[in-house]
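Shown next, in structure tokens, is the structure this report addresses.
What's counted below: heavy atoms across the whole structure, side chains too, no hydrogens, waters or symmetry copies.
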Amino acid sequence: MSLNRAIKKLFFTTSKLNMTLHLTYITSKENEADVPSRCLTTLDCKLHPKLWQRVQQEFGGPKGHTCDLMALDSNAMTDQDGSLLPHFTPHPSPQSCGVNFFAQDLSSGTPFLEYPYVFPPLSLMGPVLRFLRSHGRSCSVIAFDVYPKRYWWPLLQSCASKSCRLAVKGEAGALLLPSKQGWIPHPGIPGLLVYDTRDLPVVAKLFTPSVRCPNCSFTNDSDFRFCQRCGYKRKILQNKSSMPFDVDVNAIDDRLRQLALFDQATCYSKQKASPQRELENFLSSLPGSITVSTVTPRDICRFLVHKDKNGKTQVHGNGCPHLGKRGTFDCACALRLSYKTVDSYIGKLRAIFHAIGSDGEWDRRLGLRNPAADKSVKDYLRLVTAEQLQARVTPKQAFPFFVDKLAQLSDYIDRNLQSPNITPTQRFILARDQAYFKAVCFSGDRPGDIGLVKVPEILRFPNDDGFLFNHEWGKTLRDGDDNVFGIKRNPQRSVLFRE
């Protein structure tokens, strides 16, 4: 029916335009439209049947491999009965089980994905390994043993549970190439290996500027020393006008170590160090040997859920009689981290990954940038916030600290200072705390910044009726500016500054 409609439409179109169509036979060689569909490439090669039988016996399980993840209808491998394996093709075809390997869900329980096999091109080996890891799928992988080694080579070797060499460099006939006369032996290969991969970790390939090799025009990193394809050794030009001199490298390194220790001693660095140690210990306990450099957003969400064991906020269900009440009760409702605490943890995690060079929004396709800035982590915070707010859990507000409470605190410290049983150290601590609380109350500055004030930054007023602070370093003072403010004596005797 569809063909009949197409012919009718063609007939009415030619009649309307007053034209005549004549059919003329054109050979395939002269027909330009046939060229793309008739090109033969070495990328469509396949294993020799003898090697495939060896792969089936050693890596295919009791019944052999069950699917070919990247193939065409013409080069898909066969099962033990000689039938084509279910396979994924780059474009729709009659015998294909799906189009585009990277668009498939390998984590599904489809039976034919039990023992998968893949023979990807060299250019797709890295993305294939990352895709297999993202779905937690083990697979038999055929790889070329080439020199220089590619960036994915250590990843493949470290995560293979079993491997064997199928052919040596230069061996003919290990692969079959497509031709117009059928399949012909490959004249010589760089070496062929097969690996059985298990729990591949994600390792990102960072993008760098590239330049072409002057010998073969292959694209290499901009700082390459030799070409990845032809082995061309790059010529390094030396600046003849440079004048070398003695450099005290040890003194320079000592200075750098001193600055690094100074940075580690700051309060903010100490706050980041504790979550980073907890994250590293947590990742080392996960399957797959995950590290901070290979962590994914899902691992970050798992870490946040793991931290719930230290939570003190009880989230009550709708049927709980304690719904909307503050405190901890004997009901079965779980203790969670407050959503404000979760937000703080996510901010610290973002800072941790920023410090190691992972900036920007997480790229799911490439597995790059900051995993703590991914949308899934933000969704986790959003869901935790919604869950706690619906359970009537609201953050506690700080109580206002007025002068009357400062007077009570000062009286308490005074009584302790007058006690004859305290040591000089305890007396110093009490006097210090008393001065600190009074300065915080009357200065209007951040309590944390007041704690950083040093003696040279404080001057007395001429009449000794107050202090002048010249604050130069704090949370909001980082660019060389200063914050000058004064505090006068209070006429209320109980809150006077004591000398």
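Aromatic rings of Y115 and F59 (six-membered ring for Trp) have centroids beyond the 6.0 Å cut-off, not under it. Between H306 and F282, the ring centre distance stays below 6.0 Å.
With sequence neighbours excluded, no residue forms a side-chain hydrogen bond (donor to acceptor under 3.5 Å, both in side chains) with T313. Annotation: ring-ring contact (aromatic ring centres under 6.0 Å, His included) contacts of W152 (sequence neighbours excluded): none. In this structure, H87 has no ring-ring contact (aromatic ring centres under 6.0 Å, His included) partners at least two apart in sequence or on a different chain. A search for salt bridge (charged side-chain N to carboxylate O under 4.0 Å, His left out) contacts involving R382 returns D379, not counting sequence neighbours. Applying the ring-ring contact (aromatic ring centres under 6.0 Å, His included) rule to Y412 yields no partners; only residues at least two apart in sequence or on another chain are considered. Partners of F353 under the ring-ring contact (aromatic ring centres under 6.0 Å, His included) rule, at least two apart in sequence or in another chain, do not exist in this structure.
Using a 3.5 Å distance cut-off with no hydrogens or angles, the side chains of T294 and T291 do pair a donor with an acceptor. D73 and S93 form a side-chain donor-acceptor contact under 3.5 Å, judged by distance and modelled atom types alone. There is a side-chain donor-acceptor pair under 3.5 Å between Q434 and D414.
Using modelled atom types, no side-chain atom of Q426 and backbone atom of L417 make a donor-acceptor pair closer than 3.5 Å. For Q56 (side chain) and H65 (main-chain N/O), a donor-acceptor pair under 3.5 Å exists by modelled atom type. Although no hydrogens or angles enter the test, the distance criterion places a donor-acceptor pair under 3.5 Å between the side chain of N220 and the main chain of F218. Judged by distance alone, the side chain of T341 and the main-chain N or O of L337 form no donor-acceptor pair under 3.5 Å. Although no hydrogens or angles enter the test, the distance criterion places a donor-acceptor pair under 3.5 Å between the side chain of N281 and the main chain of R277. A donor-acceptor pair is defined here as one N or O able to donate and one able to accept, closer than 3.5 Å; such a pair exists between the side chain of Q314 and the backbone of C333. Panel note: side chain S358, backbone H354; no donor-acceptor pair is recorded below 3.5 Å. Side chain of N75 to main chain of D44: a donor-acceptor pair is present (N/O by atom type, distance under 3.5 Å, no hydrogens or angles).
In K405, the NZ atom is crowded: over 12 heavy atoms of neighbouring residues, nucleotides or ligands sit closer than 6.0 Å. No more than 12 heavy atoms of other residues, nucleotides or ligands sit less than 6.0 Å from atom CZ of F428. Counting heavy atoms of neighbouring residues, nucleotides and ligands inside a 6.0 Å radius, atom CZ of R427 exceeds 12 of them.
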Task: Test side chain to side chain contact (heavy atoms under 4.5 Å, CB included) applied to R150 and L122, step by step - done: CA-CA 9 Å; R150 302 301 175 94; L122 275 175; 4.1 Å; yes

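Expressed to the nearest 0.5 Å, how far CH2 of W153 lies from CG of L129 amounts to 11.0 Å. Atom-to-atom distance recorded for S419:OG and L430:CG is 9.5 Å, nearest 0.5 angstrom. Between atom CG of residue D79 and atom OG1 of residue T66 there is a gap of 10.0 Å, rounded to the nearest 0.5 Å.
Classified by interplanar angle (parallel below 30°, tilted 30° to 60°, perpendicular above 60°), the ring pair W52/Y117 is perpendicular. The aromatic rings of F467 and F469 sit perpendicular to each other, their planes meeting at more than 60°, with 30° as the lower class boundary.
Between E114 and R137 no salt bridge is recorded (no basic side-chain N to carboxylate O distance below 4.0 Å). With salt bridges taken as basic N to acidic carboxylate O contacts below 4.0 Å, one links E278 and K307.
When side chains are defined from C-beta on, L69 counts as touching C67, because their heavy atoms get closer than 4.5 Å.
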